[in-house]
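Each chain gets a letter, A, B and so on, in the order the sequences are listed, and its residues count up from 1. Worth saying up front: this structure is predicted, and the values here are computed from it rather than measured.
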Amino acid sequence: MNMNGGQALMKALENEGVDILFGLPGGAILPVYDPLIDSSIRHVLVRHEQGAGHMAEGYAHATGRPGVAMVTSGPAATNIVTPLCDAYMDSIPMVVVTGQVPYAAIGTDAFQECDTTGITMSVTKHNYLVTEAADIPQVIHDAFYIATTGRPGPVLVDIPKDIVDPNNPRSAMEWYTPDSHDLPGYLPNQAGDAELIRQAAKLICEAERPVLYTGGGILKSRGAEALLELAEMTGIHVVTTLMNRGGFPDDHPLCLGMPGMHGNYTAVTAMQEADLLIALGARFDDRVTGKVGEFAPLAKIVHVDIDSAELGKVRRPDVAIQGDCRVVIEELVKALKEMGGSEAQPDRNQWRSRISGWQERFPLTYEQSKGDELLKPQYVLEQLRDSTPSDTIVASGVGQHQMWTSQYWKFNHPYTWVNSGGLGTMGFAIPAAIGAKAGRPDRMVWAVDGDGCFQMTAQELVTAATEGFPIKVALINNAYLGMVRQWQEMFYEERYSEVYLTRDVPDYKMWAEALGCVGLRVESPEEVGPAIAQANEIDDQPVVVEFRCEAEENVFPMVPAGMSNSDVVVDPSQRDQPR
Amino acid sequence: MSAADGGGTTTLVVRVENKAGVLARVAGLFARRGFNIESLAVAPTDDERFSRLTIVVGVDAAPMEQVVKQLDKLVNVVDIRELNPAASVERELMMVTVRADPEIRGQILDLVRIFQATVLNVGYDEIMVSLTGSPSRVDDFEGLLRPYGIVDVQRTGKVALPKLVKAAPDPLAP
């Protein structure tokens, strides 16, 4: 079938199962926006290209399918660099199509030209500059394959204008449906080594104080069920890193919740005291380990990861298994069953009682606001958690509100937590929530955002309003760049430098309304529940609820940067407790 | 200590797809992961789909295991061999132009003979020679020429292949 490159691009995207595309047109990508009209793919017109990227990420987080964004060349391409890097750090499958100046003009500093593949080389799993229209079907097929297999990640496809422009003879091509990949350097391996899996099983059967340290690889591999079986069969407690919140139910008695810099005391301490860490799809990030040399000093390490470069990158494992988390866990469960299953697990009652002792002495805690104090963000999050369906998808920005959300929410379903972990991208919440809602229109989607974050990407609420994505935003307004303020309070002798954002400017309620949303403002604890109930009722418009919160509230527990996890600082009210 | 001494370095032979931008991907990876390239030689292979990079890496710069694993993640990198200098044959080509007034040209030609180097070009007061040899031999030659005044020198960086098996398999072995 004869067609032009632009038609081929649309057809190739359709063939990959793309149902929604987040984008914004411009000069170089313009010819592709014409065949888009005739395509089955829905396009969501964003207000800033960064929004398109984060929406694609949110879509991928919530559905497991690759998110797709399409933008033009030059400034549009540079605007989407942040989402690419975010997706790269958090292993999010995403395909970004960028327009490029005509092939013959590349390298001439043409209007809206930039070296997109050069700029994005270090923040993508792979990228392509397509030079011939005839390459489009194969490159798109390869791009989706690379983005979604092995360790997932973003792939960028840069397409010069002339090969998609029907008025240019270089765009003429014959359609073909690619059915294979010629990628001799890319051979992702799923299965783990059977002997190593047996060794891991043996270590598990010998361990007195084991902990399952589970990361984003659980969710990426669709491995939550396998993890549940492993944990229940062995009775081993599970910590869920920021990237695996929801990968193991918070309500489960074996769940210890989030470890790390703002993890709860029990999750942090159980890892410190463990004699075996079974790291599944986790990468020993500095926010989890604290001072690496003093992290889990007594523990042997079993490390399972699809990316062999993670094995031994930070901590030398005793057993290193390269493979897909779900596949390896299933094999591990089999190996453990052959060794006697739960019968073969040693008596760990003493360990269990130590864990429950920590849980009793050091629960998450805060003091409810008194008198005319403003709201406590933790209270807002508890109320929000308790008055939304348990499968609500929660997206967050980056900072204190993100940590409180991870701490206080009960994630009992996989793929309900959408956040920026590795890159820590402020402004992630609103576009990511829109992407999640686009992927899961059946679910309630709340974005929990800070006032600093909100001001970075609020314009995408216009996209939500006009494109029909009735997300809800819980805006934790504490008038500060709160996490930075907390660090200045704790580590810079309360010398506050450029962290005050003001309380009343902008007027968030009016701004929300101007953006096409319902705007609500809450200032006292008794208003919190009713406002949430009102927001939950609205399903034809986005809602922003501004919660006016105390500025001085800090996130605890906290392991100060560079310190050992054994030096975790608990809430002031718990500091007299014996450790 | 320089790469040519073979000390503190490892040689990686990296087969890559012969596609635009692959060298930039490899070089960029070294830069952003903080690995140091001592020398780099690039050439096509007998199979036109692939090129071979011979990269000499300072081993103190980063754990070699991470270098190899991160390189291997590049989609265009097909395979990587790590060559231990003791188990490989290494060669490097140097072209050098040296000051050679007619009265001292003879001394330089003595060195050329001793090292079995080749005279490539002669000027009225300069001489251009080339030497192919192990990197340390090339270093020695360059060192001996230096007092005469090196005008220009170009070295290719090392290329290497693993040493071959010496003992033939026992035909009577089961």
- If you measure from OG on S122(A) to CG on L29(B), what distance do you get to the nearest 0.5 Å? 10.0 Å

- From CG (D307(A)) to NZ (K69(B)), nearest 0.5 Å: 8.5 Å

Got more than 12 heavy atoms from elsewhere within 6.0 Å of [atom1], [X]?
| X | atom1 | value |
| --- | --- | --- |
| K291(A) | NZ | no |
| Y103(A) | OH | no |
| E195(A) | CD | yes |
| E103(B) | CD | yes |

- Please report the shortest heavy-atom distance between E17(B) and P184(A), naming the atom on each side. OE2-CD, 3.6 Å

- Item | A309(A) to Q66(B) - nearest heavy-atom pair and separation | O-NE2, 2.6 Å

- Determine whether L74(B) and H126(A) make a side-chain contact, defined as any pair of heavy atoms from C-beta on separated by less than 4.5 Å. no

- Is there side-chain contact between R25(B) and N127(A), with heavy atoms separated by less than 4.5 Å? yes

- Item | Contacting moiety of V75(B), where chain A heavy atoms sit under 4.5 Å | both

- Apply the test salt bridge (Lys or Arg N to Asp or Glu O under 4.0 Å) to residues K73(B) and E310(A): give CA-CA distance (whole Å), side-chain angles for both, the deciding distance (0.1 Å), then the verdict. CA-CA 11 Å; K73(B) 279 167 69 171; E310(A) 292 300 343; 5.1 Å; no

- Query: Checking L129(A) against chain B: side chain, backbone, both or neither under 4.5 Å from a heavy atom?
  - Reply: neither

